[in-house]
There are 2 protein chains.
Amino acid sequence: MNNRSIELFDTTLRDGTQGEGISFSSEDKMRIARRLDQMGIDYIEGGWPGSNPKDLDFFNRARNHTFQHARVVAFGSTMRRGNTPDTDPNIQALVEAGTPAVSIFGKTWLFHVRQALGITDEENLDLIRQSIAYMVAHDKEVIYDAEHFFDGYKDDPDYAIRTLECAAESGASVLALCDTNGGTLPHEVAEIVRTVISRLPDTAIGIHAHNDGELAVANTLAAVENGCAHVQGTINGYGERCGNVNLCSVIPNLQLKLGYNCVAPEQMDKLTSLSHFVSEVANVAPFDHQAFVGKSAFAHKGGIHVSAVMKNPSTYEHIEPELIGNKRRVLVSDLSGKSNIQFKADDLGMDLTAHGGKVPEIVQKLKELENEGYQYEAAEGSLDLLIRKITGEWEDLFELRSFRVIIEKNEQGEVLSEATIRLLVNGVEEHTAAVGNGPVHALDSALRKAICKFYPEVDHMQLSDYKVRVLNEKDGTRARVRVLIDSHDNGTSWGTVGVSENIIEASWQALMESMAYFLQQQKITMENHS
Amino acid sequence: MNNRSIELFDTTLRDGTQGEGISFSSEDKMRIARRLDQMGIDYIEGGWPGSNPKDLDFFNRARNHTFQHARVVAFGSTMRRGNTPDTDPNIQALVEAGTPAVSIFGKTWLFHVRQALGITDEENLDLIRQSIAYMVAHDKEVIYDAEHFFDGYKDDPDYAIRTLECAAESGASVLALCDTNGGTLPHEVAEIVRTVISRLPDTAIGIHAHNDGELAVANTLAAVENGCAHVQGTINGYGERCGNVNLCSVIPNLQLKLGYNCVAPEQMDKLTSLSHFVSEVANVAPFDHQAFVGKSAFAHKGGIHVSAVMKNPSTYEHIEPELIGNKRRVLVSDLSGKSNIQFKADDLGMDLTAHGGKVPEIVQKLKELENEGYQYEAAEGSLDLLIRKITGEWEDLFELRSFRVIIEKNEQGEVLSEATIRLLVNGVEEHTAAVGNGPVHALDSALRKAICKFYPEVDHMQLSDYKVRVLNEKDGTRARVRVLIDSHDNGTSWGTVGVSENIIEASWQALMESMAYFLQQQKITMENHS
């Protein structure tokens, strides 16, 4: 173990947005930047003002915000040949961004210098020198990103080192070695970093890895273990092609396993929520199997594993999930046995001791429903109802007679949705109707309207999330769909599930169970108080 | 570069099914096994007959199939204390599986030996010896999986090596070192593998890595570079928690970058389709950013990158995508410029030279629609229509007057869906209706019914895929949804997209564009022939 400090440079807001399906508004960027600052990230690269003028809006907002710890960074290329820094639009956009630090990328690889830029080797060095010196003269901290460093080094090591020397001599505070194409192997990174550090012992060296070989985390660790002091990456590994290196994996590996100082220990347990927050703002489904922070990262399925983990978690877990704000889960599945149901019931606050004999029936019913496409891993509400129905602790508070949903598109192109519903609540028939933005919203509104006469507390619960998954996609529009609904009232949230070939019916099941679960919980709470 | 051959051992059908959301029927397993065989995988681990009796069904089927290359493997634990091999149900299930090879896992880590099994160190060694010797005596090749090898080795290296020696002495042909908890670092793997090989130079050593530190690929490469000759992993990295090591990354790294022999060169280009096939059978959405085989792995978005890649792909690609059966893509996005549209139009077989002046209008329209939630990266059909509408090359073949969809659930719990549609086709009004399994299927059926009178060729096209993505999930049932539909006729396929707060309207847009695109393409083909 060693105590060296490592600088963290986040580029989610710049290189991350090159990823397929990722884009952020400037408000999104501000929200993420504030969270990165709380996490203890040292540098937040916010965008490329010279390439994307709307990025200036983010920098204007960032200037008016006080970050506790992080320095905001604007990104840009070296100036173009033929310009002076004073006339180069990209350099001027960097000045205009008004950030304390800038990152400037330049060419390392002669193949790019000659082919892409069409300039001489010396001209490239001069562009690097002039661009950096100008920014330093404007009181900016300059991080130099050596694009294609590893490929360039393999092609011509002397020239590659020469570009770094120019950057260092011109005042760059960090020289970040970029594996732009993402194909370098860990042993190559280790060897090249060692050489670079021996040639430039007085300037901090950084690493910027991409994941094209599924080796970005290993490459980053190899760089740090061989002397790099600065790490660039993105939250969740967002980025072009296969992404940038994933800081959510780099940080715990460096700090918890190798003993480096990256963030304060009390910041480390924010990592999981940061990861989920960023995926939510990016509107990208979280990758459940993501190392450390993924929903499945500490999820146990096999019967043997589950019983061992329940005795002692270190039997099948490499770290304690709580260290990074994640938690252990036990999955209810095909392979699950009685111990899984027991764990899950405890988790739901149910006492099965009086109903031990019913457990095999619960396991059997779950298997059947999972075969039909139901999934209870994220639908605790539906699981709770299912268990209570089998143990006889369930009381139906309302009963559906029928519903009808009509969606009409008229000649003016307007689309209207109306739902009609007939319910029996406490023996009284309630027949009502409502319109909505779409058929599910109309059905939700009609259901609430019918129920709130009897149970006005349903106004306190809200649907917070609605997900649709087509189960057998190959069957086209005849496919079965699974609908997952998340709901919450003050402080608690629960999921419910519905499955059908008919999306409206699947939505109905999940909607109805969401309300039924809520009312059931209210009843339990009241009984406990009385 | 070196030419050493590496044995590939696939455990998608066994350890892969421990992953959250993964389960296979025995028919699924057979389909995957045949593809693994074609890919040149050496060993296919098919299940754990002692733990999951339904796995025997797969082994029964596998026995009646002739694999070209692969050996089928049944998995199980060492026998229990107190049993003899002849009376141990797990050992007997392994015999019954009737496979040419078996993998037997045993305990390395004294913590597990004493805590989980509650037996002495010597008893554990004896279980390993007896279990393996028995299977060898039954003419099985035995692969020994040393569970928790790295954690066990760190705890007590002598005992860990001792378990391997027992396995080797008893006749195991391979000793696979398992990083069961997935937290070992590459430099630790390298060092421990070197020691193991120096102590057991005469038995093949294997590696079985898990991805809990996002380091499984690096750990596997480190093991091979230090002498391992046998690699265990799964397609797409499926497996418990963060998954097993991903063979789709290991194979190209070993073969294309490090020069090992894993599969024949003509098998290597099946890798991408194998990955997609397995995700389809597993009914898991493919991970687009997956290294090598992901849909985004060679996708370029940034304007500078796109124009450089169009000149010379090696500027931003670490390998040629064709080597592994993948392909280059250029994304139409927010950040896209005219060169992206040009590339995409070429890809769609459109000639924009006569319409150069319209390109900025196309870019502008795309930006607006992408802001509303449309996405054209997987909807070439819709993109084609959009471009043709702007360049004036589009002719409406039918026009919607109105539709109405009714979904009804009656008192018997039956759900009925009916769609009514009024279309204008060649100036003739067609008013028709159809029922379906769900509202979208009913609408699809009604649309086909209305159109096929005029264009009977629509019978040749079929919908092959239907996906729903809720865009702003937090808005619950009021959220906007994006529907993607894939369609195909003989040999070609295309995607279309629709977005609305109303799922039926979004589905309608995608359905309607799918047919419109098909009819347009038919017309172009006919014109070219006449």
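Source: prediction; values computed, not measured. All chains are named by letter (A, B, ...) in the order of the sequence lines, taking the proteins before the strands, and each is independently numbered beginning at 1. What's counted below: heavy atoms across the whole structure, side chains too, no hydrogens, waters or symmetry copies.
Heavy atoms of B:Phe111 lying under 4.5 Å from chain A belong exclusively to its side chain. For B:Ile406, the parts sitting under 4.5 Å from any heavy atom of chain A are the backbone and the side chain alike. Within the 4.5 angstrom heavy-atom criterion, atoms from both the backbone and the side chain of B:Asn211 approach chain A. Of the atoms belonging to B:Asn312, it is side-chain heavy atoms, and not backbone ones, that fall under 4.5 Å from chain A. Of the atoms belonging to B:Val440, heavy atoms from both backbone and side chain fall under 4.5 Å from chain A. When heavy atoms are compared at a cutoff of 4.5 Å, B:Ile503 approaches chain A by way of both its backbone and its side chain.
For the options A:His210, A:Arg241, A:His289, heavy-atom pairs under 4.5 Å to chain B are most numerous at A:Arg241. Ranked by heavy-atom pairs shorter than 4.5 Å toward chain B, the options A:Gly237, A:Gly438, A:Ser445, A:Ala297 are led by A:Ala297. For the set A:Gly183, A:Ser296, A:Ala116, A:Ala419, the count of heavy-atom pairs under 4.5 angstrom toward chain B peaks at A:Ser296. Put simply, of A:Ala299, A:Ala190, A:Gly294, A:Ala218, the one with the most heavy-atom pairs under 4.5 Å next to chain B is A:Ala299. Counting heavy-atom pairs closer than 4.5 Å to chain A, the top-ranked of the candidates B:Pro186, B:Ser314, B:Ala216, B:Gly239 is B:Ser314. Note on A:Asp288, A:Thr180, A:Asn246, A:Ile421: by heavy-atom pairs under 4.5 Å with chain B, the leading option is A:Asn246.
In this pair, B:Phe105 and B:Trp48 present their aromatic rings perpendicular. The plane angle is above 60°, beyond the 30 to 60° band.
We find that A:Glu20 and B:Arg329 are joined by a salt bridge, their nearest charged nitrogen and carboxylate oxygen being less than 4.0 Å apart. Salt bridge present: B:Glu411 and A:Arg422 bring a charged side-chain N and a carboxylate O closer than 4.0 Å.
Annotation: side chain of A:Glu414 is not in contact with side chain of A:Glu408 (no heavy-atom distance under 4.5 Å).
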- [ ] Give the intermediate values and the outcome of side chain to side chain donor-acceptor pair (under 3.5 Å) for residues B:Ser402 and A:Asn410.
- [x] CA-CA 5 Å; B:Ser402 63; A:Asn410 65 19; over 6 Å; no
